[in-house]
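Values in this document were obtained by computation on a predicted structure and should not be read as measured data. Hydrogens, waters and symmetry mates play no part in the numbers below; they use all other heavy atoms, side chains included.
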Amino acid sequence: MLSPAKLGSLRVLVVDDQVTMRKTIVNMLKTSGFKKISEAPDGEEALIRIELGGVDFVISDWNMPRMKGVDLLARLRSRDTTKNIPFLMITAEVDEKTVIQALESDVDAYIIKPFKAKTLLDRIEQILDKREKPSPIDVHIKTGMYYLENGSVQLAVVEFKKALQIDPASPRSHFHLGLAHEQAKDYEGAVRSFKKAVELSPQYVKGFEALARVLSSAGRKEEASETLRRAVEISPMNVERQLALGAALLGVGKVEEGKRALAEAGRIKPDNPDIAERVGEIFMEAGLAEEAEDAFGTALKIDPSLRHVYNRLGIAYRQQGKIKQAIENYRKAIKISPNDENLFYNLGVAYVEGRDAESAVKALAKAVEINPGFHEANNLLERLRQAGY
């Protein structure tokens, strides 16, 4: 049971886009004895408030505009200053994939709408109690991670093995031991530990993801792609994992399956130019210039100001022999960034490939004017001038 002093001092942020629901939660908290309560209508505003400080506990809805609760949680967990803030998720979703997505983002607990004030208070108490009185396994894992983050791999291994002595069937302990083996570049040891973790917990998404990573590092690309496929089957709404699966499948020659995974990444975040651009880069890496062209084009439709994407799109056009389109895109990029010598150099190369030497000289001369030490531009310009242009 939380003491009145604890209830009164805990600074709680309630995040929900629905004003009525937000007020309902605030009233539940006030009735239970909480006094320091703030509100945010979406994840983006919540993130700003949290970064400014003054938040000890977050209660957030899952579905919100601009930034969903699960994305807010991921952002908090990725930053040292906010990764330890307790987070209670509220959702109307009850399907397994939604729950897994929340759990793999390290949510402390979740409750399903509708709920009563007692349910809310019980969850808050459970979260705080676990934080204040961690189990012996949690203590060893936390200590081991401290050692691992500071480069003391052997000390970390000792702590993770102590956790396994308490419970040899702990998937988390095997997983963290795998992280230590991976950091030591003992990939076979890491594979054994990660495989044991997912054997004990077949829905352990992070375990499959880590297993795929070390299999790839060990050169076992086919196994890595199949393992990533399993992770995506368990939790398909993770855009990073879809991108990784797409790249892995393309890397082993499974082009159509790779395309489907990358298309799914785009569907998860359809208005995000960064995702479309990364899809384009994955296609470029795989030598699929036409597909890269489509992806870069999508990124530019979302945000036409992305100068560097015009540049990449120009390269994709050149690889397909579409010189006219490449030149058009380099010129669009130059309008956005007129002092970028690399854009003028790429424009010059495109003109050379299009057999327009005079225009190439002008573009290369501009690149050299901006950066007199631009070695490649100077060399190509000199060769053209020696040829009489």
I'd like to know if [X] and [Y] make a salt bridge, using a cut-off of under 4.0 Å between side-chain N and carboxylate O.
| X | Y | answer |
| --- | --- | --- |
| Arg385 | Glu382 | no |
| Arg220 | Glu188 | yes |
| Arg22 | Asp61 | no |
| Arg77 | Asp108 | yes |
| Glu291 | Lys259 | yes |
| Lys366 | Glu369 | yes |
| Asp122 | Lys118 | yes |

Would you name the heavy atoms of [X] and [Y] that are closest together and state the gap between them?
| X | Y | result |
| --- | --- | --- |
| Ser38 | Arg49 | CB-NH1, 4.3 Å |
| Pro338 | Ile370 | O-CD1, 4.0 Å |
| Leu164 | Ser170 | CD2-O, 4.1 Å |
| Val309 | Ala299 | CG1-CB, 4.2 Å |
| Val214 | Ala190 | CG1-CB, 3.9 Å |
| Ala212 | Thr227 | N-CG2, 3.8 Å |

Check whether any side-chain heavy atom of [X] sits under 4.5 Å from a side-chain heavy atom of [Y], and report yes or no.
| X | Y | answer |
| --- | --- | --- |
| Asn272 | Val239 | no |
| Tyr345 | Leu364 | yes |
| Pro236 | Glu264 | no |
| Asp356 | Ile323 | no |
| Val191 | Glu223 | no |
| Glu159 | Met145 | no |
| Glu293 | Lys322 | yes |
| His176 | Leu179 | yes |

Any link between [X] and [Y] through a network of hydrophobic side chains (Ile, Leu, Val, Met, Phe, Trp, Tyr) touching at under 4.5 Å?
| X | Y | answer |
| --- | --- | --- |
| Val70 | Val58 | yes |
| Leu249 | Leu228 | yes |
| Phe34 | Ile111 | yes |
| Met28 | Ile124 | yes |
| Phe296 | Ile302 | no |

Ignoring hydrogens and angles, tell me if any N or O in the side chain of [X] forms a donor-acceptor pair with the backbone of [Y] under 3.5 Å.
| X | Y | answer |
| --- | --- | --- |
| Gln320 | Ala316 | yes |
| Glu353 | Arg318 | no |
| Asp56 | Arg11 | yes |
| Ser217 | Arg213 | yes |
| His174 | Pro168 | yes |
| Asn150 | Tyr146 | yes |
| Ser235 | Ala231 | no |
| Asn329 | Gln325 | yes |

Above 12 or not: heavy atoms from other molecules or residues under 6.0 Å from [atom1] of [X]?
| X | atom1 | value |
| --- | --- | --- |
| Lys130 | NZ | no |
| Lys254 | NZ | yes |
| Glu358 | CD | no |

Exercise for review: Test ring-ring contact (aromatic ring centres under 6.0 Å, His included) on Tyr330 and Tyr310 and set out the steps.
Suggested key: CA-CA 6 Å; Tyr330 289 135; Tyr310 282 112; 9.9 Å; no
Gap separating the [atom1] atom of [X] from the [atom2] atom of [Y], nearest 0.5 angstrom:
| X | Y | atom1 | atom2 | answer |
| --- | --- | --- | --- | --- |
| Ile112 | Ile90 | CD1 | CD1 | 11.5 Å |
| Phe208 | Lys195 | CZ | NZ | 11.0 Å |
| Tyr351 | Phe344 | OH | CZ | 10.5 Å |
| Leu343 | Arg307 | CG | CZ | 5.5 Å |
| Lys83 | Ile85 | NZ | CD1 | 12.0 Å |
| Ile59 | Arg123 | CD1 | CZ | 12.5 Å |

Point to revise | Stepwise salt bridge (charged side-chain N to carboxylate O under 4.0 Å, His left out) test for Glu233 and Arg230 | key: CA-CA 5 Å; Glu233 287 172 355; Arg230 174 60 182 143; 3.7 Å; yes
Exercise for review: Dump the intermediate steps for side chain to side chain contact (heavy atoms under 4.5 Å, CB included) on Gln18 and Thr20, then the final yes or no.
Suggested key: CA-CA 6 Å; Gln18 295 183 13; Thr20 303; 5.5 Å; no
Exercise for review: Report the C-alpha separation of Arg278 and Ile275 in whole Å, then their side-chain angles, then the decisive distance to 0.1 Å, and conclude whether the side chain to side chain contact (heavy atoms under 4.5 Å, CB included) test is met.
Suggested key: CA-CA 5 Å; Arg278 290 169 64 189; Ile275 299 303; 4.1 Å; yes
Review point. Between Glu199 and Lys196, is a salt bridge (charged side-chain N to carboxylate O under 4.0 Å, His left out) present by the stated rule, with each step listed?
Key: CA-CA 5 Å; Glu199 175 189 318; Lys196 187 63 177 178; 3.4 Å; yes
Review point. Going by distance alone, is a donor N or O of one side chain under 3.5 Å from an acceptor N or O of the other, for Asn311 and Asn342?
Key: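 Side chains of Asn311 and Asn342: no pair found under 3.5 Å.
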Review point. Under 3.5 Å, is there a donor-acceptor pair linking the side chains of Lys221 and Ser216?
Key: yes
Check your understanding: When you look at Arg172 and Tyr204, which way does the side chain to side chain contact (heavy atoms under 4.5 Å, CB included) test go after all the steps?
Key -> CA-CA 9 Å; Arg172 289 194 305 125; Tyr204 199 168; 3.9 Å; yes
Practice item. Go through the steps for Phe283 and Asp294 under the test side chain to side chain contact (heavy atoms under 4.5 Å, CB included), then give the verdict. Key: CA-CA 10 Å; Phe283 280 131; Asp294 290 340; over 6 Å; no
